[in-house]
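First listed ligand is number 1; within each ligand, the first listed atom is number 1. Residues: numbered from 1 along the sequence shown.
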Amino acid sequence: MVLTEEEAAMLDGGKGAAVQKAMQILVALGESFGAERLVPVNNVHMAGSSVLVAEEAGTRFVEDIRNQGGKFVTRVTTNPTAVDPTQWREIGIPESDSVLQTRLTNAYAGMGANSCNTCIPYLVGNMPRFGEHMAWGESSAVVFANSVCGARTNREGGPSGLASALTGRTPEYGYHLKQNRYGKFLVKVEAKLRDMTDYGTLGYFTGKIAGQDTPVFTGMPTDPTLEQLKALSAALASSGSVSMFHAVGVTPEASTLQEAFGGGAPQKVLVFGDAEREQAEAALNREPSDHVDWILVGCPNASVQEIREVAEALQGKKVHKDVALWVTTAGAMHAMAERNGYIRTIEEAGGIVVRETCPFLARSRVIAPNKGYKTLTTNSAKMAFYAPGQFGLPTHYGNLDRVMQAAINGVWR
Ligand code: F3S
């Protein structure tokens with residue numbers, strides 16, 4: 001790789017041990033992917049911010065960097081943690097995680113991170129620009145940033161994100177290069193996409209076939225909501241390793257089919273019709289009984305609009321006594337929802353709005369047995385995909401109406 005004078009000085013230790021270590025990580029990463037140079041970045045979303053991922057060793061690694069004088073030189077936002085800062089005990093998060101999480105969060109904050117602790121940084125002040133080079137972790141946010149915003153990022157892990165935050169650089173390969181951003185295959189959407197969950201189902205269906213390839217959708221409504229696009233982004237990155245999609249007439253690098261494919265032809269053409277939607281939805285419903293005990297709304301983290309919809313569904317009703325309803329969201333969304341009265345409505349009905357964590361990044365393998373949860377019921381394709389493997393809970397999957405009926409009645413219909 002060709003380095004600038006400044007980058008070479010960083011690598012030689014001229015800017016301290018923390019920056020030197022960071023530059024070594026970036027150069028090794030770049031060389032393994034055939035990058036010719038580094039590109040400047042001023043926007044990092046840090047994936048390794050939960051102690052479920054970092055554990056003691058990762059936490060100590062981040063603390064060591066801070067103790068060596070590490071300072072972030074870019075805007076840095078953080079992904080969800082393993083802990084709700086105020087309700088962790090009540091929802092069953094182990095105290096040891098709370099203690100360790102405080103250390104990790106403090107270490108990132110001590111270097112200059114904005115501890116927003118959410119997978120929707122684009123809704124809490126870190127909105128990517130079109131064409132902006134970034135170093136983002138969190139697969140759902142990466143797909144959203146590349147596809148919906150037209151920003152440029154690979155899917156960064158904890159160490160490479162940290163290294164970019166310390167140096168303001170990332171290796172130029174993958175989605176930073178225009179030639180790697182074109183579509184590879186076409187998905188003709190013939191099914192009616194009725195709600196956010198249908199977008200998630202489309203993402204699950206497509207991701208399973210995609211591997212790492214970029215899909216191009218035609219036939220999608222031209223006015224999807226932000227919530228629908230985030231559901232699609234998250235599901236694509238779950239059943240597949242997709243980092244970007246195009247939707248013709250919707251996303252900024254796909255004003256035409258030709259633009260989406262860079263003038264080339266699709267390698268294959270698929271159809272997503274009503275039959276495919278029903279089959280995909282059935283595949284995410286892995287719990288044969290109607291038993292409901294743990295319900296999750298907010299993967300990716302809920303927007304204020306989604307919190308409002310949950311509050312409206314619970315107006316004048318009660319969550320069933322045998323059901324725990326979690327709505328997971330960012331602290332900033334929680335504050336807005338609180339001001340609008342949605343939190344009070346949900347809490348008075350018996351639900352809980354969880355901040356800064358989610359079942360995937362909290363220690364659900366401990367929480368679920370301690371609380372007696374045997375199933376997970378959700379409107380999120382991403383959560384429905386991961387729950388059985390990650391924390392051993394079979395899922396009920398359906399749209400918000402169906403999920404809220406289950407919350408109130410205590411059975412899945
Ligand atoms: Fe976000 Fe957790 Fe889902 S990080 S995308 S709520 S699995």
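Interface atoms of ligand 1 facing E138, defined by a heavy-atom separation under 4.0 Å, are 4 (S), 5 (S). Under a 4.0 Å criterion applied to the non-hydrogen atoms of S140, ligand 1 contributes the atoms 5 (S). The distance from ligand 1 to the heavy atoms of G298 drops below 4.0 Å at these ligand atoms: 6 (S).
Stacking of K268 on the aromatic ring of F185 is recorded, both the 6.0 Å distance cut-off and the 45° axial limit being met.
Excluding waters, the set of protein N, O or S atoms lying under 2.8 Å from atom 2 (Fe) of ligand 1 comprises C358 SG.
In terms of the ring-ring contact (aromatic ring centres under 6.0 Å, His included) criterion, residue partners of H396 (sequence neighbours excluded) are, by chain and number, W412.
Sorted by first and then second residue, the pairs that involve residues 39-96 and meet ring pair (Phe, Tyr, Trp, His ring centres under 6.0 Å), not counting sequence neighbours, are H45-W136. Note on residues 381-403: pairs passing salt bridge (Lys or Arg N to Asp or Glu O under 4.0 Å), not counting sequence neighbours, are E138-K382, E281-R402.
N379 places none of its side-chain heavy atoms less than 4.5 Å from the side chain of N399.
If you check the side chains of T251 and E253, you find no donor sitting under 3.5 Å from an acceptor.
Under a 3.5 Å cut-off, the side chain of Q228 and the backbone N or O of T225 do form a donor-acceptor pair.
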